[in-house]
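What follows is a single structure, written as structure tokens, with notes after it.
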2 protein chains.
Amino acid sequence: MAPATGKRPTTLTDVARLAGVSIATASKALNGRNQVRASTRERVMVAAEQLSFSPNALARGLLAGRTGTVGLLTSDMEGRFSLPILMGAEDAFGRGSVSVFLCDARGDSFREQYHVKALLGRRVDGLIVVGSRTDARPPLPGRLSVPVVYAYSPSLDDQDTSVISDNVEAGRTAVDHLLALGRSRIVHISGDRTYAAARDRAEGATAALRAARLTPVGKKVHFGSWSESWGRSAIASLLAAHPDIDGVFAGSDQIARGVLEVLREKGRAVPEDVAVVGFDNWAVLATQARPQLTSMDMQLEQLGRRAAELLFSAMEGGTHPGIEKIGCSLVIRESTAG
Amino acid sequence: MAPATGKRPTTLTDVARLAGVSIATASKALNGRNQVRASTRERVMVAAEQLSFSPNALARGLLAGRTGTVGLLTSDMEGRFSLPILMGAEDAFGRGSVSVFLCDARGDSFREQYHVKALLGRRVDGLIVVGSRTDARPPLPGRLSVPVVYAYSPSLDDQDTSVISDNVEAGRTAVDHLLALGRSRIVHISGDRTYAAARDRAEGATAALRAARLTPVGKKVHFGSWSESWGRSAIASLLAAHPDIDGVFAGSDQIARGVLEVLREKGRAVPEDVAVVGFDNWAVLATQARPQLTSMDMQLEQLGRRAAELLFSAMEGGTHPGIEKIGCSLVIRESTAG
DNA sequence: CTGAAAGCGCTTACAG
DNA sequence: CTGAAAGCGCTTACAG
């Protein structure tokens, strides 16, 4: 049925008729083929402009076998991870060519299947799959007809192409920063240990301490949950047992916010008495903390850009099996900078 | 060129050949037309299954004149508003039929134009435009060939279809809640007054107070910015001038968090001494506050559902000029519940 | 330089 | 019940 707002979209036939040429010539004129007389091209362009002609990408895609469309499949319901990745991917693909469409599977594998089918049915040229956590995930089932790049959360199949943040190195960087400030009574308070993100960051943090011939205060990493309330209760009991703590590496900015709050209440000055590093560099939390929070940034836009580059290359026939890691950067604010 | 991962997608022709029928019959069998013998249908189904045939939506769309695709154009870079709206829209369109693709214009009208062109070129059946703030926005330029629904942020053209949250009523609801708790020394601390959201909520709040023959403490609404730090400084100076404040309506959960923090520091018990209501019901902030924060919820999923319904109806030829308002709901937590 | 024709993958009257 | 044919809107060899 006809759309409410109007007139059926103009077609190349309309343009050709108005310009008084065949559709073949109109097509060539519009696509910059050079077997067209300048004046003819001009007439066609004017006609197209006048009718605000916009070529039907469906027809084009049908012919070309590629649609200039990429699907980004996410399960990140808050969009905290996937939107920056989407932006990075869009940037990498650039304006002129490829469009990225985002679908949300909400962590439901049935819905994921549905979206994959819908996207493939619409003949996207490739797929970027963004996980909601950094743990490796099963690859999309079935033999897919287009290349796939896994971002943020790698595929379990090491023949697939994956791009992730280097959480181990980030843990090391965070602790090295505290060490460089002269801190030596350092604790690592992190989130749910069932998350690879928690374990990886802890691994890096522990390695950095070990390299400095130190062990974490309390002799272990303190796993819990990704929440402010865990940050509060963890730091409270740690301070009671180890009043000499002088550095905290928190597994997330939420945890760090809880830590900062309790440090304030206990009268510990940050960063003078205790320096604090968070993780995620989530602006809403980090810049509004007292003091403002130093945090590790996963560089998600860059991750998205890289995912797009790898996908583009794969669409051209390239192969990139394995996991590529993107470095995280340290964003220094008041909580470690005085 | 051929995609790296493989074989060109199977076509109806492949299926028909394997089943030993014509493509016309294969098509009818697959689409449940009833002019097909049961055993033939069965053979075709098996063949399609075996080749994991997925019909080319481009070809279908070309024929049908509609693609079963809707574009959701957002400018909300954090996704806090647009992702819930996306989910609501997906739900409303249901599984079987329409897919929603999200594009991010990042508040840049050039990029918005680009995305609109890309979406229309791909022949979406309709467009949902989601703003980043509640202020009315200029309509998409040009005569579009598909219906458009504006969500969250209405179109300035009252002939367009818009769905928004009822911020005025929400302001009233929040204050009525405080009044019902017996509070009478109420302040409203809100965000940037250049935002319609701030002004609308303030209008509702003021009306509710007036209806109770009260004026806000300090005789005015306290506008500032959408941040915790503004919440902190605003409540601090208000408490100094008006120590008898017993209720706070904050224009956002971020502001409310700042308010709660200072109330704690000043030794005011919440909700016993001062009851606090926030706005947005942003789980990360509201559930981790001390005490947990009562907040107004804009029901964005419902807003998305309604936008999808209106768009669907418009695609069928219906018209719905004007602005439809979705009610916000009060989510009661400890900060007003004792 | 220009246009008639074939074809991308599908659906739908229309004959048989 | 089945299939040959036309056609959706476009592009691209191929003749002229």
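Throughout, a chain's letter reflects where its sequence line sits, starting with A, and its residues are numbered from 1.
- For the pair Arg33(B) and dT11(C), the criterion of a side-chain N or O lying under 4.0 Å from OP1 or OP2 is not met.
- Within residues 16-29 of chain B, the residues that place at least one heavy atom under 4.0 Å from DNA chain D are, in residue-number order, Val21(B), Ser22(B), Ala24(B), Thr25(B), Lys28(B).
- Here His115(B) contributes atom NE2 and Leu140(B) contributes atom CG; the two are 13.0 Å apart, rounded to the nearest 0.5 Å.
- Taking atom CG of Leu63(B) as the reference point, atom C1' of dA6(D) lies 10 Å away to the nearest angstrom.
- The pair Asp157(A)-Arg137(A) fails the salt-bridge criterion, with no side-chain N (NZ, NE, NH1 or NH2) lying under 4.0 Å from an Asp/Glu carboxylate O.
- A salt bridge does not link Arg106(A) with Asp108(A): none of the charged nitrogens is closer than 4.0 Å to a carboxylate oxygen.
- Counting only distance, with no hydrogens or angles, the side chain of Ser22(B) and the backbone of Thr25(B) share a donor-acceptor pair below 3.5 Å.
- The partner of dA15(C) is dT2(D), by the rule that a Watson-Crick or G-U pair needs both atom distances under 3.5 Å.
- Of the candidate nucleotides dC10(C), dC10(D), dT12(D), dC10(D) has the atom lying nearest to any side-chain atom of Pro55(A).
- In this structure, Gln35(B) places its CD atom 13 Å from P of dG3(D), rounding to the nearest Å.
- At whole-Å resolution of the value, CG in Leu30(B) and C1' in dC10(C) are 11 Å apart.
- Asn31(B) has its CG atom 7 Å from the P atom of dT12(C), to the nearest Å.
- For Asp14(B) and dC8(C), the CG to C1' distance is 13 Å, given to the nearest whole Å.
- Counted within 6.0 Å of CZ on Phe53(B), heavy atoms from surrounding residues, nucleotides or ligands total more than 12; the atom is thus considered enclosed.
- For Glu49(A), the CD atom counts as loosely surrounded, since its 6.0 Å shell holds 12 or fewer non-hydrogen atoms of other residues, nucleotides or ligands.
- Contact check, Arg60(A) against dG9(D): no side-chain N or O comes under 4.0 Å of OP1 or OP2.
- A 6.0 Å sphere centred on CE of Met45(B) holds no more than 12 heavy atoms belonging to other residues, nucleotides or ligands.
- Side chain of Ala59(B), nearest nucleotide from dC10(C), dC8(D), dT2(D): dC10(C).
- Phosphate contact (OP1/OP2 of dC1(C), side-chain N/O of Thr40(A), threshold under 4.0 Å): absent.
- One can place CZ of Arg66(B) at 17 Å from C1' of dT12(C), the figure rounded to the nearest angstrom.
- Here dT11(C) presents its P atom at 14 Å from CG of Leu58(A), a figure rounded to the nearest Å.
- Rounded to whole angstrom, the span from the CG atom of Leu12(B) across to the P atom of dG3(D) amounts to 12 Å.
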